[in-house]
Amino acid sequence: MTGAALQFSEDQAEAHDALAEVFAQAGVDLLDETLMPRAQGTSRVAAVMGKAGSGKTVLLARIAQDLEAAGVEVVSGDFEGRRRRDRRTLAILAPTNKAASVLRRRGVPATTIHRILYTPVYDPEYERIAEWLAGQGEKPEIEGLTEEALDRAKLFFDAHRSIPGALAAAGLRGSDFITGWKRRDEPLDIGLIDEASMLDSRQYEDLCEIFPTLVLFGDPAQLAPVNQSGAMVFDALPEKRKLILNRVHRQAEDNPILDLAHALADPDIGFEDFERLVEQRAATDDRVQVAARVEAGLMARSPVLVWRNATRVRLIHAFRAAYDAPADALLPGEPLICDGIELPLKHRKKRLDLEARGLIKGAQVIYLGPGKKPGFSRLHVLGAEDPRVSAASIVKIEMPDSEEPFIPHAARMGAAFLHGAAVTIHKAQGSQWPSVQVFAPDLYAAARMGRMEAGIPLWKRLAYVAITRAEERLLWVTRYRLARPASSLGVEDLPKGAPTLELKEAETSNGA
């Protein structure tokens, strides 16, 4: 162990040593910081499991640093450059843009699983710029691009490490420099996967095809994917491949939010007992608050978390009414959730283009205003490295007591969106916000139903996931009421980022 690693807790140090053995089998010596010949044989999969505050992210970040120090190259989903026989690769992945952005805020160069599964195909001329930015070539001369434009690209790349963002800063659109997307056809070496409790079996199989060495970091107390009957992908691993972190770290010890989350592990605590714990914490610490109303102002950037879909729809309707949103249009600043890409299969290239810009199912975006063409929206993708995009959009707003959604904004085809002022706790997994509102009446309804998931009361799993989405402040909402906002809705709080990339609407006459 190195001197820096000695700062680990005992269980972190043991997990680090166990992972070092896994990487040694793959030909990477963390202790001597050297690369050895690639080991042949079956895939190596290990899991680091622990509840919130146990130090999983600290360990992941340290492992990533150690692998880089040993000569392993971090690969992003933007650009990989020329392949070399001696190159050893590492990808740090999360299931969603928001989860990846949580890691990036902590200095870990993470990207999404989708961005690794599908890689961009660059126009050869503009690929020379990407190689230069990545340190693999000389500064190019490109017809139509000035020295000043290239300098802007370099400044952006040095600050954000994003090739598409840098090219956009030079005045290029995505359709200028990316000619298509293809399924990855060559494997990488090592994958570190955060929020692994969110993986379904299909995603896990895809990752095992790409990475001969895979380390999953996950929280066994979270909710399993909807179609997996309460099981998580790491549950089936041999016990010797499961590394457990039990200690709650120093930075988390004085955290009333995590205290409440861990209190849910007590098998004797019922819903009423837990709610009294919340009230007691709220009486002594401002980081926990019991609220009689949902705050509409918070819903604009941090959705209220609910269990029942009917609750979600009613709260969204109340949010729009509180801001006097017109019945036939969206207001700039309204939050949306991507519900997938509605394109025919023949438009596979366009689908991949939209998804590569961050518009994958579950992505959180803010509506900025109409695009230049009918049916287009200008959007800010929360958590994306290059957040601003203009795309053909189909926005659906579900209404109480109505089977058909209201559609204030629609192109013929493109990215589909639901309103995002309220989301289900399942959809919130992998995300975190400074302040989080948890709608307690829904958890009480789950407790009354007595449902279990993998031997644990469902309401406890729901409460655990909802509570641990809060970084700084937890609001436990006890009544079905909405506090009107103190100010109007807007987008002034959003960072400008790179220039908006335009994504052309798919042609209907021929496939891609």
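Note that the coordinates shown come from a computational prediction; the quantities given were computed from them, not determined experimentally.
Two rings, from His380 and Tyr367, have their centers 6.0 Å or more apart. Taking the six-membered ring for Trp and the full ring otherwise, the centers of Phe439 and Tyr480 sit less than 6.0 Å from each other. Aromatic ring centres of Trp476 and Phe274: separated by under 6.0 Å.
Between Val215 and Ile63, the closest side-chain pair of non-hydrogen atoms is not below 4.5 Å. Within the 4.5 Å cutoff, no side-chain heavy atoms of Phe211 are placed close to those of Ile190. Counting heavy atoms from C-beta outward, Leu368 and Pro332 have side chains that stay 4.5 Å or more apart. Between Asp194 and Leu93, every side-chain heavy-atom pair lies at or beyond the 4.5 Å cut-off. Contact of the Ile397 side chain with the Leu418 side chain is not registered, since no non-hydrogen atoms from C-beta on lie closer than 4.5 Å.
Within a 6.0 Å sphere centred on NZ of Lys427, heavy atoms belonging to other residues, nucleotides or ligands number 12 at most.
Remark: Asp206 does not engage Arg184 in a salt bridge, criterion side-chain N to carboxylate O under 4.0 Å. Asp442 and Arg308 are joined by a salt bridge, as a carboxylate oxygen and a charged side-chain nitrogen come within less than 4.0 angstrom of each other. Of the charged side-chain nitrogens involved, none lies within less than 4.0 Å of a carboxylate oxygen, so that Arg202 and Asp200 do not count as a salt-bridged pair.
Tested against Trp459 for a ring pair (Phe, Tyr, Trp, His ring centres under 6.0 Å), the candidates Tyr464, Phe271, Tyr444 yield a single pass: Phe271.
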